[in-house]
Each structure stands twice: as C-alpha cells, then as structure tokens.
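Sharing a structure below in structure tokens format, with a few things to ask.
Letters A, B, ... are given to chains in the order of the sequence lines, protein chains preceding strands, and every chain is numbered from 1. In what follows, every heavy atom counts, from backbone to side chain, and hydrogens, waters and symmetry copies are set aside.
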2 protein chains.
Amino acid sequence: MNATVAKRLPKNYKLVYEILRGAGHGVHFTMGEIYAHAKRKRPAIGFSTVYRGIARLRDLGWIDEIELPGSDSAVYELKGKPHAHFCCGRCGEVADVHYQLPARTIARLAARTGGRVGEAMVTLRGLCRRCSV
Amino acid sequence: MNATVAKRLPKNYKLVYEILRGAGHGVHFTMGEIYAHAKRKRPAIGFSTVYRGIARLRDLGWIDEIELPGSDSAVYELKGKPHAHFCCGRCGEVADVHYQLPARTIARLAARTGGRVGEAMVTLRGLCRRCSV
DNA sequence: CCCGACACTGAAAGTCATATTCACTATCGG
DNA sequence: CCGATAGTGAATATGACTTTCAGTGTCGGG
C-alpha cells in the first residue's frame, strides 16, 4: 500500500513542506507565495515542481488545501484539526477559527439531505480587527 | 448614486432574472447554463450581456452567487434566506440545506477573531442520496 | 562499473471560468 | 433632432491552476 509515505520525499517536495512547517500552524500561503519562498531557497526550482510538491503533500495528508468561497486562489497550511476560517474582505487575510460544526448537527443535516456528509466547511467573511476600525 | 435600482432593468437583464425566477428557489445554475437558457430564448444574446446581467442582479441583491469551495464555477439562485449548501462530490449536484449558524455562535466566533463578521457560510460535502448507494 | 526502468524536473503550453475592451447601437431627457 | 449615457456582441485578456514534453537524476540488479 502507501509505500509512497515510507519512501523518502524528493528534496524539492521536502523543501515545500519545510516552508509550510517553518511557518507553523495557522499560517496560510497561496501557491504563488510558496513558490516565491522556494525560489529564494533554491533559485533553479520551477513552478511545476512546487505545484507537484503541494499536490503530493496534499495527497499524503500532510497539508490542507483550503478553497475559500469567493477567492480565486487556494491557500495551504499544515495539516491540523478541522477548523473554520475567517476571511477578511478588505485585506484578504485568512485566519483560523477554532471551531467546527458539532457532529450532532452534521448528522442531523445529513439525515435531512438523505445523503452522506463527508465534511462540513464553515467560512466566516467580514473585516479583520485591523480593517474594521 | 444608485438610480440604477429605480430604473427599469434592461430587457436582457430581465430575461436573465426570469430564467432564475422561473426555475424557483433551490435551483442552481452555472453561468454557462444560464447563458444556454438565454440563448434559447433570444439567440442573438451574447455571453457578455448575460454575464453583466448576472453581475447587476447580484449587486441589486436579487440573486445569490454561491461559490462552492473546490468547485471551479459559481452557481446562482434566486435570493432567499441564508442557508447552507450540500454539494455531492460525485455528481456535482448542489442542494440547499435549510440551516444557518446560530447568531449566538457567529457572535461568539466574531469576538474570538476580534473582527467583524458579515456572513457565515456553511458548506457540506459528501454523496447525495442517489450517489451514496 | 554499467544498464534499464522509472521518478523527478523546468520550461512551455493548455484549460477554463471569469473579466474587460472595443466599437458600435439603442434609449432617454430636453 | 441631439447629445449623453447605458447597453450590446465579439473578441480578447486574465489568472490560477494543470498537463505535456524532453530531458535528467537515481537506484537496484547484473
């Protein structure tokens, strides 16, 4: 099975991971930002490699890909517990919000749709502390 | 200022609105689908006009634009009460779910972020009834 | 040490939904 | 009738991915 996990990650993919791990939980980068960081560390690296690194890490479950509704680009962060996101409509900042829909609520909604619910995403939109003054 | 609201809507924009109103609440169309419908009713209409009609109706608050996380195209529906959406990961169907985060919860989360929260989006992902068998 | 298979790589090109530009044309208040 | 403004269709641009292509490692046998 997932022998990929066991195998050592290619050094470029590792670099991508280190960029996110170095930033820590709760920090969100777009693909472009990650590429910029990677380029600084290893100028010869190409965009495709960073792109593929992100895809691999996502598939391995080491990082989370977050698609904010209404934003044209996804952001990435270290894998963590499920949580909600707050997105500032002015400066675009994305912040983690330690919250998730109660399992009971999800179950109730799932029953209502008649289908099976895999995940529940909660996104808040508004103005962050600095932009709301 | 917004005299636009008072003015009668251009007939093409009205056509776009009628397409959504005719479908009723809870029906979701992509821009391409709306364009196809419009084209059938008025073959000479251009894509840009439909596009601009949707933008206008959205700005007027007559329709809602729903950007599903992870989907590459937005869907539109008649303006209605805030609600959650369920999105089938297999067939792509989007269904309204009559639910919204309790105001108290939103207030609590807003306090936690220190900013001001305008809206809270809840999106469920999973398999719809037909796809989950 | 050499080989073949296969993973990795960078540059370039492709995709797709959404936005915008351009050169008209229709409409409205005077 | 007139000038200003809004509306229009076709064509083009944008931006974020996504894939293709032609190499370039890399590693376990032989």
Rounded distance in Å - NZ (K14(B)) to P (dA6(D)):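 Roughly 18 Å, once rounded to whole Å.
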How about K39(A): does its NZ atom have over 12 heavy atoms from other parts shown lying under 6.0 Å from it?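 Enclosed: over 12 neighbouring heavy atoms sit under 6.0 Å from NZ of K39(A).
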Quick one, give me the B/S/- string for nucleotides 9-18 of chain D, reading 5' to 3', where B means a protein heavy atom under 4.0 Å from the base and S means that only happens at the primed atoms, P, OP1 or OP2. BBB----SSB
Would you check if H83(A) and H25(A) make a side-chain contact, meaning some heavy-atom pair closer than 4.5 Å?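 SC-SC contact between H83(A) and H25(A) ruled out.
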dG7(D) OP1/OP2 closer than 4.0 Å to side-chain N/O of R56(B):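 Indeed, a polar side-chain atom of R56(B) lies that close.
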Relative to the ring of F47(B), is the ring of Y35(B) parallel (under 30°), tilted (30 to 60°) or perpendicular (over 60°)?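 Perpendicular, since the angle between the ring planes exceeds 60°.
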Applying a strict under-4.5 Å side-chain criterion to I, L, V, M, F, W and Y, I'd like to know whether Y17(A) and F29(A) cluster together.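 Result: yes, single cluster for both.
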By the side-chain hydrogen bond (donor to acceptor under 3.5 Å, both in side chains) test, which pairs, at least two apart or in different chains, include something from residues 108-133 of chain B?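 For residues 108-133 of chain B: E93(B)-R130(B).
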Once you round it to whole Å, what is the distance between P of dT8(D) and NZ of K11(B)?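 Rounded to whole Å, this separation is 6 Å.
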Closest to the R8(B) side chain, choosing from dT8(D), dC28(C), dT9(C):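 Closest nucleotide among those given: dC28(C).
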Please say whether more than 12 non-hydrogen atoms of neighbouring residues, nucleotides or ligands are located less than 6.0 Å from CZ in R90(A).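 Count not over threshold, so no.
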